Amino acid sequence: MRERLLQFVGVAAAIAIVSLAMWTVADQAPTTAEAPASTAKAGPAPKTPWGDPDLQGIWTDIYATPLQRPAKYANREFLTDQERAELDRKRAAAPRQNDTSIAKRGTEQDVSGAYNSVFTSMKHTARRTSLIVNPPDGRIPPLTPEVQKRRAESRAFELALLQATDVCKNKLAGCAGWHYGPPSPRRAEVPPSYVATGAIGGGAINRSEGPEDRTLSERCLSGSLPDFGGFRQIVQSPGAVSIFYDTGQGQGWERVIPVTTRPHLPSNIRLWWGDSRSHWEGNTLVVDVANFSPKTDYQGSRENLHLVERWTRVDANTIEYVVTIEDPTTWTRPWTVKQELIKQSSEANRIYMEPRCHEGNYGLVGQLSGARAEEKAFAEGRGPHPATTCGAGCGTGIEEIEDPDGVRDGAIGGAR
């Protein structure tokens, strides 16, 4: 199983290097564009030939901003330049996943750290202490009692399946609040939530009975909406706006937004990324998104998720993206995220739209066949009980020390 997984990792590493190259170019390209506080000034917001505000181009957020405001910055919306420089220094100096002293070589944590920090960029710290601008405390509103109960049930199930592994034996972060013990009888139970979308603990459970036990990310299908990370390529026509989200290692997906007065699809038709309808309000494209599938899960919200997005071309180099997120069955109030997207050079960057996450073509088959091989080996007395080996939720050994101030890759932290 481990030998096969390492083969998967080799493919993943090659793909991740391509991703790193794109991030590096993107971080360098917009330095003049992202200097509103200095002498650099962008030109006016352009228009399309048919007169609409022009949103076209390749865009990304060039700074690291946490989705939620870290507790140490409570009641503070902005950091000083000195604080930002110090955070950059601390994060650059912190041990990273490629530090072999973090996870013992050959352990599950060592293998789990294959997608390590050497393959990702470290952006400069943003001025704002959170992407969330409303509520004013920069935090996601409290969950409703129903969702809290659902999450607690899911977490208890996830931990029960981990309790016989070294994650709990060694008291690693993934077992926080639980105990080490023998294989749990709950391994035979049906999960309390739909696992495939990462609804339990944000990832797969430590079991591979069937494809339902594994997540979409293992099939290179981890795109979600709303999306606050990666690159976006926008193309327009008079009646539609198309956005390609370049996420993960080649896991991009296309979204076509009609510019129309037509109503949403009937409520019995549910889509993975919802049903979008848009109109122009001055220089702002306002997009209403509803009709999400109950199999999706964004921060605990499912079929009742409702988004109102506002895409505003501020100047030649900048789009202001504001999205209000609501679901009265999940949160006690709506909440709003604001993000500044900077235009990237179309000459120095390319968006490759074909799927490049090749391990997704056979990763799921490998997980399931590997689990059957482990079960056979145990039944024949040639291997450990499958419940004592970790196949999900193992951690990497880096979680507690890599990001001391909660800002690394923060813009991506709101996925599921």
Side-chain angles (χ1 to χ4, degrees), residues 1-9 12 103 107-115 150-222 295-297 300 302 359-397 399 415-416:
M1 177 68 176
R2 289 179 179 82
E3 182 178 346
R4 181 172 54 257
L5 181 55
L6 288 172
Q7 292 173 351
F8 296 163
V9 166
T107 64
E108 299 288 354
Q109 288 70 44
D110 182 36
V111 175
S112 294
Y115 286 104
R150 187 174 74 207
R151 279 196 168 184
E153 291 172 347
S154 296
R155 179 60 177 161
F157 183 77
E158 178 185 16
L159 288 168
L161 271 57
L162 276 175
Q163 72 179 30
T165 69
D166 66 348
V167 177
C168 291
K169 182 178 182 179
N170 297 328
K171 300 180 179 179
L172 300 181
C175 193
W178 205 250
H179 55 272
Y180 177 63
S184 171
R186 299 200 68 184
R187 282 181 62 85
E189 293 183 13
V190 174
S193 294
Y194 187 68
V195 179
T197 55
I200 294 185
I205 57 176
N206 189 39
R207 188 181 70 182
S208 296
E209 289 293 309
E212 297 81 7
D213 282 351
R214 312 311 302 180
T215 65
L216 292 174
S217 62
E218 294 171 332
R219 306 169 217 191
C220 299
L221 296 170
S222 62
K295 293 183 179 180
T296 61
D297 190 289
R302 297 177 179 176
E359 65 268 37
N361 293 331
Y362 55 91
L364 183 61
V365 175
Q367 288 278 3
L368 298 179
S369 62
R372 304 293 81 77
E374 287 184 343
E375 292 166 357
K376 182 179 180 182
F378 174 67
E380 296 174 353
R382 297 184 292 103
H385 192 298
T388 65
T389 62
C390 189
C394 314
T396 62
E399 291 84 358
R416 288 189 179 89

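Side chains included, hydrogens not; waters and symmetry mates left out as well; all remaining heavy atoms used. The shown structure was predicted, so the numbers you read here are calculated from the model rather than taken from an experiment.
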**Prompt:** Any donor and acceptor pair, going by atom type alone, linking the side chain of Arg150 with main-chain N or O of Ser193 inside 3.5 Å?
**Reply:** no

**Fill in**
Interatomic distance, CG@Leu172 vs OG1@Thr165, rounded to 0.5 Å, equals 8.0 Å

**Request:** Before accepting this row, confirm whether a basic side-chain N of the pair Glu158/Arg155 lies closer than 4.0 Å to the acidic partner's carboxylate O.
**Result:** yes

**Request:** Heavy atoms only: give me the nearest Ile205-Leu161 pair and the separation to one decimal.
**Result:** CD1-CD2, 4.0 Å

**Request:** Could you pull out the closest heavy-atom pair between Leu162 and Cys390, with the gap in Å?
**Result:** CD2-SG, 3.8 Å

**Item:** Within-4.5 Å side-chain heavy-atom neighbours: Ser154 and Val195
**Value:** no

**Under 3.5 Å donor-acceptor, Asn206 side chain and Thr389 backbone** = yes

**Gap between atom OH of Tyr362 and atom CD of Gln367 - 0.5 Å precision** = 12.5 Å

**Prompt:** Is it true that Arg207 and Glu209 make a salt bridge, defined as a side-chain N closer than 4.0 Å to a carboxylate O?
**Reply:** no

**Prompt:** Just how far is it from atom CG of Leu368 to atom CG of Asp213, taken to the nearest 0.5 Å?
**Reply:** 8.5 Å

**Prompt:** Can you name the nearest heavy-atom pair linking Pro192 to Phe157, along with the distance?
**Reply:** CD-CG, 3.6 Å

**Complete:** All heavy atoms of Pro211 vs all of Leu364, minimum pair found to be CB-CD2, 4.0 Å

**Prompt:** What is the minimum heavy-atom distance between Pro182 and Gln163, and which atoms define it?
**Reply:** O-NE2, 2.7 Å

**Asked** Is the side chain of Glu212 donor-acceptor paired with the backbone N or O of Tyr194 at a distance under 3.5 Å, no angle test?
**Response** no

**Request:** Please examine the side chains of Ser208 and Glu374, heavy atoms only from C-beta on, and report whether any two atoms are closer than 4.5 Å.
**Result:** no

